Every structure is written in structure tokens, then in C-alpha cells.
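Everything on this sheet refers to the single structure shown next.
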Protein chains: 2
Amino acid sequence: MADRAAKDALYDGFAVVGRAVASGRRAEIIDLLAQGERSVEEIAGELAQSVANTSQHLQHLLRAGLVVTRRDGNRIYYSLSSKRVSELWAAMRDVAAAHVAELERLAHAYLGDRTQLDTIDRDQLAKRLKSGDVVVLDVRPSAEYDAGHIAGALSVPIAEVGKRLRELPEGKQVVAYCRGPYCVYADEAVRVLRKRGIRAARLEDGYPEWEAARLPVSREIPSAVS
Amino acid sequence: MADRAAKDALYDGFAVVGRAVASGRRAEIIDLLAQGERSVEEIAGELAQSVANTSQHLQHLLRAGLVVTRRDGNRIYYSLSSKRVSELWAAMRDVAAAHVAELERLAHAYLGDRTQLDTIDRDQLAKRLKSGDVVVLDVRPSAEYDAGHIAGALSVPIAEVGKRLRELPEGKQVVAYCRGPYCVYADEAVRVLRKRGIRAARLEDGYPEWEAARLPVSREIPSAVS
DNA sequence: CAACTATTCAAGCGATTCATTGAACTACTC
DNA sequence: GAGTAGTTCAATGAATCGCTTGAATAGTTG
């Protein structure tokens with residue numbers, strides 16, 4: 001057999017990537033960066049961690065090649081180094097969801113009871129978007145909407161959902177989406193709308209999955225609505 | 001913001017999968033199981049590790065849900081729990097190859113200089129298989145061939161390549177493949193054939209990638225060739 | 001039943017790696 | 001030069017690592 005030590009070293013090399021995603025905090029960072037680039041400070045804020053600690057995690061991801069940086073002034077923006085990293089993260093999430101028994105319990109503890117909320121999957125939504133009988137709300141922060149969104153979606157950050165009900169055309173079904181299958185914003189939006197008597201559903205996953213499936217996206221930023 | 005502790009716990013749940021693949025030895029196991037199920041003893045042999053130690057790694061993968069077991073007599077067979085695990089492994093490998101600087105050096109140390117060997121990619125090979133002007137050799141152990149192989153391929157385990165040259169029809173190009181992009185068998189086969197003056201190429205990746213791309217496969221075991 | 005095979009389990013090993021902190025340092029802007 | 005953003009460093013204790021050894025267990029065979 002060929003050199004055992006060399007083979008072990010090669011596979012240890014692959015494992016470097018594994019080790020990079022073997023931390024909950026780093027998984028959160030990847031999930032966040034799947035929405036678009038972020039500065040260190042923004043990431044630290046989102047994770048509720050110190051900047052120093054966040055920077056360490058980012059360095060770890062950088063060494064493993066999962067992220068790249070861009071400097072703009074004295075701010076450094078991190079983003080995923082390729083689409084393949086998104087796919088890696090999606091695969092990891094799916095495998096965990098399918099096979100880690102505990103995950104269901106953890107998801108329930110974080111997201112609450114989702115079973116009462118209507119959902120719609122990517123392909124169904126794509127079909128209904130074509131026929132035009134649906135209003136799609138992007139309830140992520142507006143910066144994420146600006147970096148890319150489902151074609152035809154309106155940007156209504158979660159905090160504004162309650163206040164902007166009158167903008168919704170009547171008679172159309174409302175679908176809300178956010179960052180991914182484990183993002184709370186869309187759930188919250190659907191609950192708010194439901195309480196006001198508006199029939200709404202949540203897209204089963206989020207924008208990155210929509211984009212990965214090559215469904216129609218847009219990067220246009222519409223001028224402010226009145 | 002929603003419960004930070006619950007969110008952290010959820011992402012730590014995802015990280016369980018990351019931790020499972022954060023070991024070179026476990027990566028080797030996954031790579032091996034991508035070819036089909038194996039008993040503990042077989043896996044231990046392939047890794048050149050003790051059975052007890054291998055069993056521990058397998059338990060780790062089992063807890064993370066990446067593998068499942070099947071009992072047959074007093075032997076226990078492990079296999080990947082779903083296709084998604086294969087995809088996770090493929091994504092991990094690709095990300096490492098693209099971004100971990102050291103990986104190229106490690107691969108060279110294990111595989112030697114590959115640059116002199118002709119290669120062919122999946123789609124090219126699929127095209128040439130249709131037109132029938134190519135002989136495809138599966139140089140993996142025959143048990144792996146039996147578990148599934150490229151439709152039309154001959155099983156010629158690497159150890160036999162040198163002895164079975166006369167079986168090759170003249171005038172056709174020979175393509176050898178094995179377990180994946182980092183498997184040495186196909187390289188070795190091409191080198192042997194080249195030395196005998198037979199023009200041969202190596203498939204860039206291996207059987208699992210072929211199958212994942214939904215290219216034609218077969219599970220038929222041809223009766224022994226004279 | 002006893003002997004045997006395949007696998008798992010429990011305990012223990014040293015070594016490494018972990019996440020996190022505050023303070024010092026670098027790089028850039030105004 | 002003051003201020004801001006980020007990295008780096010040193011240091012912390014805690015946790016986890018991979019692996020070994022030897023005993024326990026499940027299933028098969030004579």
C-alpha cells in the first residue's frame with residue numbers, strides 16, 4: 001500500500017474544513033454570511049459576542065478558506081469564499097435535521113411551535129409568482145434585501161410588518177420569507193399577519209436556497225414607497 | 001431578540017455534524033463508505049487502525065447520524081445514512097481543495113506527480129461511452145464493483161491490471177476509474193498501462209460522483225471471463 | 001452447553017485544542 | 001493627532017482529542 005502517513009495527512013487536510021464548521025458560533029457566522037457580506041462589528045452584534053472573540057472565529061474560518069475579506073476604508077467585510085461553502089452549510093444543516101435526534105427538540109425550543117403556520121415550498125411559490133396572485137414579503141433587514149432578493153418581493157423588515165399592513169393589496173395571499181429554514185423572522189411575520197386576520201404563509205426555506213435553486217432573483221432596490 | 005441561549009443551542013446542534021467530520025480518520029471512513037457498506041473489520045483494515053479505535057470513530061459518526069448499521073450474522077455493516085452525507089463529503093472535499101493552500105502539497109505527497117497522466121471528465125466519458133469507442137476499467141476491489149459501477153465498465157482490480165492486458169480490445173482508448181478524485185488506484189493503473197505502451201486516461205473523479213451525477217450505472221455482475 | 005468471532009464498552013493516557021477575555025498593536029479616516 | 005475598526009497576543013481553565021488496553025456482550029457454530 002502507498003504511504004499511510006501521506007494518506008492520513010491528506011485526509012487530515014480535508015478535516016481542516018470540518019473543524020472550521022465544528023463550532024456553533026462559526027456555523028452561525030456562515031449562516032449569516034450566506035445572506036451577503038458583513039463587517040466584523042456587524043457579525044459580532046448579530047452573534048452577541050465580543051468583537052475580539054468574533055474576530056478569532058473569523059480568523060479560524062479564514063485559515064480554513066471558507067471566507068474571504070475585502071477592505072473598505074477602515075472596515076473589513078467578510079463573505080463566503082464560494083457558492084460551494086453555502087452548499088456545504090446546506091448539506092450540513094440537512095444532515096443534522098434528518099439524523100440528529102436532538103435537533104428537532106432544539107429547533108422547537110428556539111422557534112416555538114411552527115405546526116400551526118402555513119408553509120409553501122420553493123417550487124409552489126415560483127409557480128404562483130408567475131401567475132401573479134401572491135404578494136411576497138422579504139422580512140430580513142433591508143441591507144440583506146438590497147444584496148439580493150426574490151424577484152418581485154417587497155422589503156418589509158420584520159419590525160415594520162405590523163405598521164405597513166395597508167400596503168398589502170387585498171385578496172392576494174401573502175408569503176413571507178427570510179434567511180433560511182431556521183430563521184425566526186418569517187414565522188414572526190406570519191403570526192403578526194394572522195393576528196390581524198390576514199392569511200399568510202411562510203416560505204419553507206430562505207433566500208440563499210432560492211438563489212441556489214436558480215429561481216428568479218433581483219438586485220434592484222425600488223425607490224421608497226411614498 | 002429571541003432567546004439567545006436557544007439559538008446558540010440550535011447551532012451547536014448543527015455543529016455536531018461538523019465535529020463528526022472534523023477528523024481525518026472519520027473523513028477516510030466516509031470516503032470509504034461512499035463506495036458501499038463495510039464491516040467494522042474491513043474498515044479497520046483499510047484505515048490500518050485497531051478495531052477498537054475504528055469502532056469508536058464509527059460510534060461517533062453514528063451518534064451524529066452520518067451512518068447507519070445493519071447486522072448480518074455476527075457482523076455489523078456500516079453505510080452512509082443518506083445521499084446527502086455523500087454530498088456533504090463532496091462539498092467538504094471541494095472546499096478544501098479550492099481554498100486550503102496546504103492541500104495541494106498534501107495531495108502531491110500522497111499521489112505523486114499526476115500532471116503527466118491524461119484525464120477525462122465525467123461528461124466526456126459519458127459521451128464516448130455512448131459512441132462505444134472506449135474501454136472503461138473499474139480498478140477498485142471487486143466487492144465495490146459488485147455494489148455498483150459505471151454501466152459497461154469491466155472489473156479489473158488494480159492488482160490484476162498488469163496480468164490481464166490481453167483482455168483489452170486493441171484500438172480502443174482505455175479509461176480507468178476508482179473511488180474518487182483522491183484515490184490512487186486509477187493513477188496506478190494508468191501508469192502500468194502506459195508502461196506497456198497502452199494509451200490510457202484516468203477519470204477525474206470516481207464512482208460516487210458518477211452516480212451522483214445520475215449518469216448510467218449498473219449493478220450487474222458479469223459471469224467470469226473465461 | 002462451551003468455544004469462537006465480531007463488535008462494543010469502560011477506563012485511562014498524555015496531548016492537544018477549545019472558547020473566551022482584556023490589553024496591546026496595526027491600519028485607516030477625518 | 002484623535003478616533004474608529006479590526007487583529008493579535010498572552011493567558012486562562014476547561015474540555016476534548018485520538019488512541020490503547022482489557023473486559024463485556026451478542027450472535028454463531030460445533
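Quick note on labels: first sequence line is chain A, next is B, and so on, each numbered from 1. Note that the structure is a prediction, hence the values are computed from the model and not measured.
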Roughly how many Å is it from CZ in B:Arg75 to P in D:dG27, rounded to a whole number?
15 Å

The reported gap from NE2 in B:His149 to CD in B:Gln35 (rounded to nearest 0.5 angstrom) is 13.5 Å

Nearest whole angstrom, please: distance from the P of C:dC28 to the OH of A:Tyr77.
15 Å

Under the side-chain contact (heavy atoms from CB on, under 4.5 Å) rule, what do A:Arg202 and A:Ile120 come out as? Steps first, then yes or no, please.
CA-CA 6 Å; A:Arg202 162 178 72 83; A:Ile120 181 172; over 6 Å; no

Would one find a side-chain N or O of A:Ser23 under 4.0 angstrom from OP1 or OP2 of C:dA19?
yes

Determine whether a donor-acceptor pair (one donor, one acceptor, N or O, separation below 3.5 Å) exists between the side chain of B:Asn53 and the base of D:dT20.
no

Is there a salt bridge (Lys or Arg N to Asp or Glu O under 4.0 Å) between A:Glu42 and A:Arg75 once you walk through the steps?
CA-CA 11 Å; A:Glu42 289 173 313; A:Arg75 204 167 258 127; over 6 Å; no

Choosing from D:dT20, D:dT7, C:dT7, which nucleotide comes nearest the side chain of B:Ser39?
C:dT7

D:dG6 phosphate, OP1 or OP2: any side-chain N/O from A:Ser55 under 4.0 angstrom?
no

Just to be sure I understand the rule, does A:Val40 reach a base, reach only the sugar-phosphate, or reach nothing, if contact means heavy atoms closer than 4.0 Å?
sugar-phosphate

To the nearest angstrom, the CG-P distance between A:Leu61 and D:dT7 comes to 12 Å

Given C:dG22, D:dT21, D:dG27, identify the nucleotide with an atom nearest to the side chain of A:Ala52.
C:dG22

Taking OP1 and OP2 of D:dC19, is either one under 4.0 Å from a side-chain nitrogen or oxygen of B:His57?
yes

Rounded off to whole Å, could you give me the CG-to-P distance for the A:Leu58 and D:dA5 pair?
16 Å

In whole angstrom, give the distance that lies between atom CG of B:Asp72 and atom P of D:dT28.
9 Å

Hey, does B:Tyr78 reach any base, or is it just sugar-phosphate, or nothing, if we go heavy atoms under 4.0 Å?
sugar-phosphate

What is the distance, to the nearest angstrom, from the CD1 atom on A:Ile43 to the C1' atom on D:dT7?
14 Å

Evaluate the ring planes of B:Tyr11 and A:Trp89, with Trp represented by its six-membered ring, and classify them as parallel (under 30°), tilted (30 to 60°) or perpendicular (over 60°).
parallel

Looking at A:Arg26, does any N or O in its side chain come under 4.0 Å of the phosphate oxygens OP1/OP2 on C:dA19?
yes

Does C:dT17 have OP1 or OP2 sitting under 4.0 Å from an N or O in the side chain of A:His60?
no

Look only at the side chain of A:Arg63 and the backbone of A:Val16, and say whether a donor-acceptor pair between them is shorter than 3.5 Å.
no

Please map the stems of DNA chain D, keeping only stretches of three or more Watson-Crick or G-U wobble pairs with both distances under 3.5 angstrom.
C:1-12 with D:19-30, C:15-17 with D:14-16, C:19-30 with D:1-12

For A:Tyr182, does its backbone N or O pair with a side-chain atom of A:Tyr110 as donor and acceptor, under 3.5 Å?
no

Look at the side chain of A:Glu41 against the base of D:dT4 and say whether a donor-acceptor pair falls under 3.5 Å; ignore hydrogens and angles.
no

Just to confirm, is there a sub-4.0 Å distance from OP1 or OP2 of C:dC18 to any side-chain nitrogen or oxygen of B:Arg19?
no

Assert: residue with more 5' nearest nucleotide on DNA chain C, out of B:Gln59 and A:Ser50, is B:Gln59

Could you state the CD1-C1' distance from A:Ile76 to D:dT8, rounded to the nearest angstrom?
12 Å

State the CG-CZ distance between A:Leu10 and B:Arg93, to the nearest 0.5 angstrom.
10.5 Å

According to a strict under-4.0 Å criterion, is B:Gln56 in side-chain N/O contact with OP1 or OP2 of C:dT8?
no

For B:Gln49, report the nucleic acid contact type (base, sugar-phosphate, nothing); a contact means any heavy atom under 4.0 Å.
sugar-phosphate

Under 3.5 Å: donor-acceptor pair, side chain of B:Arg4, backbone of A:Leu47
yes

Looking at D:dG6, D:dT28, D:dG3, which one has an atom nearest to any side-chain atom of A:Asn74?
D:dG3

So, B:Arg26 side chain and B:Ala20 main chain: donor-acceptor pair closer than 3.5 Å or not?
yes

When the distance from CZ of B:Arg25 to C1' of D:dT16 is rounded to whole Å, what number comes out?
17 Å

